[in-house]
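Structure, as structure tokens:
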Amino acid sequence: MRARDPAEPPRPPDLRLVPAALAAWAVVLLGIGLGPVAGVCAAVISTVGIIAAALVLARSARRAAGTPARATSSARHGPAVLAAAGCAAAASVVVTAHTLLLVQHPLREPAERGAAATVRVVLRDDPRPIRDAAYGSRPAAAGQVLVPAVLTGVQVGDGRWSAGGRVLLIAPAEGWTGLVPGQEATAEGLLAPAGRRDLTVAVLRVRGPPQEVTAASWWQDAAGGLRAGLREAAGVLPPASAGLLPGLAVGDTGGLTSEVDADFRAAGLTHLLAVSGANLAIVGGAVLALLRLLRADPRLAAALSAAAVAGFVVLARPSPSVVRAAVMGAVVLLALALGRGRSAMPALAAAVLVLLTADPALAVDPGFALSVLATAALVLLAPGWTDALRRRGVPAWAAEALTVPAAAFLVTAPLVAGLSGEVSPIAVLANLLAVPAVAPATVLGVLAAVLSPLGPLPAQACAWLAGPAVGWLVLVADRAAAVPGAVLPWPDGVGGAVLLGVLVLVLLVLGRSPRSRAVLLAVLLGLALVLVPTRIAPPGWPPAGWHLVMCDVGQGDAVVLATGRPGWVVLVDAGPDDGPVDVCLDRLGVQGIAMVVLSHLHADHIGGLAGALRGRPVGAVAVGPVHEPRWALQMVARRAAEAGAPLVALTAGRRLQWPGLTLDVLAPRHPEPGIDPDDGTAVNDGSLVLRAATPAASVLLTGDVELAAQADLLASGAHLRADVLKMPHHGSRYTSAAFLNAVAPRAVLVSVGAGNRYRHPDPGLLGGLERAGATVDRTDLAGDVAVVGSPADLELVSRGSPLPAPR
């Protein structure tokens with residue numbers, strides 16, 4: 001097939017079926033949102049529309065018979081209107097039937113009263129882990145899973161009946177994690193009403209593992225074996241890449257590290273971790289390109305490409321999301337085969353109509369909307385943009401690599417903003433940088449899975465070849481997530497989506513005119529020159545001659561102490577996550593870390609250790625005498641070993657010195673042996689307490705010590721008086737007035753997360769300190785806070801732009 005010359009005027013897309021798809025989608029949305037009455041009303045209105053459109057068409061036909069040369073607007077647009085009304089009427093019937101079954105379902109009333117139930121279900125999708133963030137003594141873990149399922153039988157009390165309908169199970173990970181779509185199981189638990197209007201009948205909070213589980217089908221077993229082979233082959237790569245490769249290739253994110261998961265979310269790359277139409281288009285396109293290179297018969301090439309797509313669907317598990325992706329992938333392949341010509345949009349519209357008829361709940365599924373919008377962008381916007389770049393001398397491959405992700409991001413950005421309440425401009429650049437690596441990583445990952453039955457060597461060779469591409473994606477996500485201020489707050493909900501959608505339309509309209517495009521480019525460049533530097537490195541930050549900076553890391557601690565060696569610091573604690581502490585150190589221009597001191601082993605103090613050590617030489621990592629919880633100590637030891645730093649122990653009475661900085665370890669003086677790792681107070685009271693001497697001031701760093709440890713410090717006669725106090729335990733009310741009086745600080749620093757659920761800091765304590773004449777700064781209001789000046793002229797300087805409260 002001849003490729004279209006970019007100099008040729010593009011043929012306008014065939015949009016006649018688009019109004020029908022949009023009308024059907026709107027009707028299904030109204031029916032699900034407002035119930036069967038809305039569906040009936042839509043059916044009546046659609047029927048009236050059909051009659052009106054038919055009458056207008058008949059009248060236009062009579063006029064055209066009298067004056068054949070005259071084509072009226074009604075004759076031109078009447079079929080599209082009639083099709084839209086007809087599809088809306090059909091959709092109203094479908095959604096009314098589904099919503100009537102929903103409101104009359106016998107399980108709704110027991111769910112409203114939280115009754116106990118035993119259900120028999122068929123799994124619709126893979127169990128999805130609910131990952132709990134690490135906090136305190138608790139490691140990050142997926143203790144529960146979400147299991148979308150379809151009912152086949154229900155027992156509530158003495159009543160037993162057969163019933164269909166969707167149900168969502170919130171189940172323990174143990175026993176449920178390995179199940180696959182299509183398997184049947186029995187579950188016991190407590191019912192609850194469905195939280196979303198998506199045709200789900202009820203939610204069941206499952207107690208215990210599944211019972212009476214049926215065997216998976218032979219092809220599911222085969223697919224499971226191939227997926228396991230891919231995971232095993234990926235073991236030749238570093239841990240971050242090993243967990244990412246199965247996710248990129250077949251959507252298997254079970255081995256994804258929490259760090260990579262967080263980085264992909266922050267960078268706007270999470271769509272790469274879900275099976276989408278792009279995956280299927282890559283696999284089918286790779287097979288098609290290979291067969292064309294071998295000069296295979298076009299019909300054979302098409303058949304084998306379709307077979308490859310079908311095999312990939314089985315490998316990735318034919319859940320509703322994967323089947324949806326297969327349909328969208330088929331549209332993408334059609335667009336590629338036809339040069340994104342006039343047939344692509346009718347195919348997309350037809351796919352929407354078929355999918356909504358088969359599964360009306362897709363109308364409220366964000367993933368479905370994103371798939372449709374991204375595919376439409378590929379068909380409508382990307383070709384014109386690609387041709388424009390090619391006319392300016394950009395190679396075709398480079399033009400495609402630039403325009404496809406840019407078009408998809410621009411079109412889907414309003415929906416993403418409405419769902420998340422934030423906009424990430426850095427996601428455009430991250431997606432552009434990721435494009436070259438996605439296809440080779442996907443193809444090689446699928447090959448590793450397919451070749452795994454032949455033995456580990458061929459599969460590992462494919463995984464090893466995919467290593468550079470996967471490593472590049474890890475690096476892009478890491479660096480994009482580390483950009484401060486990259487995520488901008490935005491109104492959420494429908495209003496936020498509409499607002500950004502209007503802005504996108506304005507940008508697209510202005511971009512069509514060369515004069516407007518130049519003005520728009522100048523305005524955007526000016527905003528970037530003004531806003532980006534102020535968000536990444538605000539003027540005056542870091543302040544000259546800073547001696548201490550308390551980093552804003554959310555609900556956690558991270559304190560940076562300058563040494564006399566330029567660019568080298570001592571870091572006390574690392575916060576709960578990798579990103580914030582990494583960014584804070586970058587802003588300060590830190591080149592190396594003389595020592596990392598971890599006050600105690602709770603997750604909000606050690607969780608960001610990998611981010612602090614990333615790309616920086618470190619002299620040592622130090623911990624106190626309390627080594628609980630054990631999982632945390634093991635993680636710290638592993639991170640230190642990876643950074644090539646020794647793990648050392650600090651005890652009371654130890655003095656550490658560097659040029660311009662001295663640290664005295666004051667506590668714990670009497671660490672309790674055999675501390676219960678789940679006793680948060682005991683672990684907090686085992687915190688290292690440090691007194692730092694800097695050229696600007698003396699500083700007391702208190703970890704999370706509570707009342708008992710504070711009393712022990714007072715009784716020990718330790719030198720507690722200090723110019724600057726790092727408030728214990730994020731300003732918790734478990735701080736004694738006697739302890740604060742003994743310190744008598746001139747300045748108080750509170751490291752605390754915005755909107756935290758612990759009600760930190762205590763306003764009474766801070767108010768008392770301010771009345772006593774102390775200056776108080778807190779990270780949830782001020783962002784990073786620096787101590788500058790001299791003992792005679794001590795000053796706190798804040799950076800501003802604190803981390804937003806968690807949503």
Kindly say whether [Y] contributes a backbone atom to a donor-acceptor pair with the side chain of [X] at under 3.5 angstrom?
{"X": "Gln220", "Y": "Pro181", "value": "yes"}
{"X": "Trp176", "Y": "Leu146", "value": "no"}
{"X": "Glu628", "Y": "Pro677", "value": "no"}
{"X": "Glu188", "Y": "Thr118", "value": "no"}
{"X": "Thr186", "Y": "Glu212", "value": "no"}
{"X": "His602", "Y": "Asp604", "value": "no"}
{"X": "Asn756", "Y": "Gly753", "value": "yes"}

Looking at every heavy atom in both [X] and [Y], which two are closest together, and how far apart are they?
{"X": "Ala202", "Y": "Val167", "result": "O-CG2, 3.2 Å"}
{"X": "Ala449", "Y": "Leu315", "result": "CB-CD2, 4.2 Å"}
{"X": "Leu248", "Y": "Ala441", "result": "CD1-CB, 4.0 Å"}
{"X": "Ala349", "Y": "Ala21", "result": "O-CB, 3.8 Å"}
{"X": "Val121", "Y": "Val119", "result": "CG1-CG2, 3.8 Å"}
{"X": "Ala84", "Y": "Ala23", "result": "O-CB, 3.8 Å"}

Could you grab the distance from atom [atom1] of [X] to atom [atom2] of [Y], nearest 0.5 Å is fine?
{"X": "Thr99", "Y": "Ile32", "atom1": "OG1", "atom2": "CD1", "value": "8.5 Å"}
{"X": "Leu419", "Y": "Asp492", "atom1": "CG", "atom2": "CG", "value": "9.5 Å"}
{"X": "Leu107", "Y": "Leu151", "atom1": "CG", "atom2": "CG", "value": "6.0 Å"}
{"X": "Asp261", "Y": "Thr253", "atom1": "CG", "atom2": "OG1", "value": "7.5 Å"}
{"X": "Glu109", "Y": "Gln104", "atom1": "CD", "atom2": "CD", "value": "15.0 Å"}
{"X": "Leu168", "Y": "Leu204", "atom1": "CG", "atom2": "CG", "value": "9.5 Å"}

Is the shortest heavy-atom distance from the side chain of [X] to the side chain of [Y] under 4.5 Å?
{"X": "Leu226", "Y": "Pro453", "value": "yes"}
{"X": "Val438", "Y": "Leu272", "value": "yes"}
{"X": "Thr214", "Y": "Val122", "value": "no"}
{"X": "Gln144", "Y": "Val206", "value": "no"}
{"X": "Phe368", "Y": "Val352", "value": "yes"}
{"X": "Val147", "Y": "Leu179", "value": "no"}
{"X": "Pro106", "Y": "Val154", "value": "no"}
{"X": "Leu601", "Y": "Arg630", "value": "no"}

For Thr200 and Arg166, test the side chains for any donor-to-acceptor distance below 3.5 angstrom and give the result as yes or no.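 Arg166 and Thr200 do not have a side-chain donor-acceptor pair below 3.5 Å.
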Got a sec: does the [atom1] of [X] have more than 12 other heavy atoms crowding it under 6.0 Å?
{"X": "Glu232", "atom1": "CD", "value": "no"}
{"X": "Trp161", "atom1": "CH2", "value": "yes"}
{"X": "Arg113", "atom1": "CZ", "value": "yes"}

Verdict with reasoning, Leu415 to Leu373, per side-chain contact (heavy atoms from CB on, under 4.5 Å): CA-CA 9 Å; Leu415 180 57; Leu373 288 173; 4.2 Å; yes
Full working for side-chain contact (heavy atoms from CB on, under 4.5 Å) between Leu29 and Val364: CA-CA 7 Å; Leu29 276 173; Val364 294; 3.6 Å; yes
As a quick check of understanding, evaluate side-chain contact (heavy atoms from CB on, under 4.5 Å) for Leu256 and Phe264, giving each step before the final call. CA-CA 11 Å; Leu256 197 67; Phe264 267 63; over 6 Å; no
Show your working on side-chain contact (heavy atoms from CB on, under 4.5 Å) between Leu230 and Arg227 and close with a plain yes or no. CA-CA 5 Å; Leu230 172 57; Arg227 290 159 69 96; 5.6 Å; no
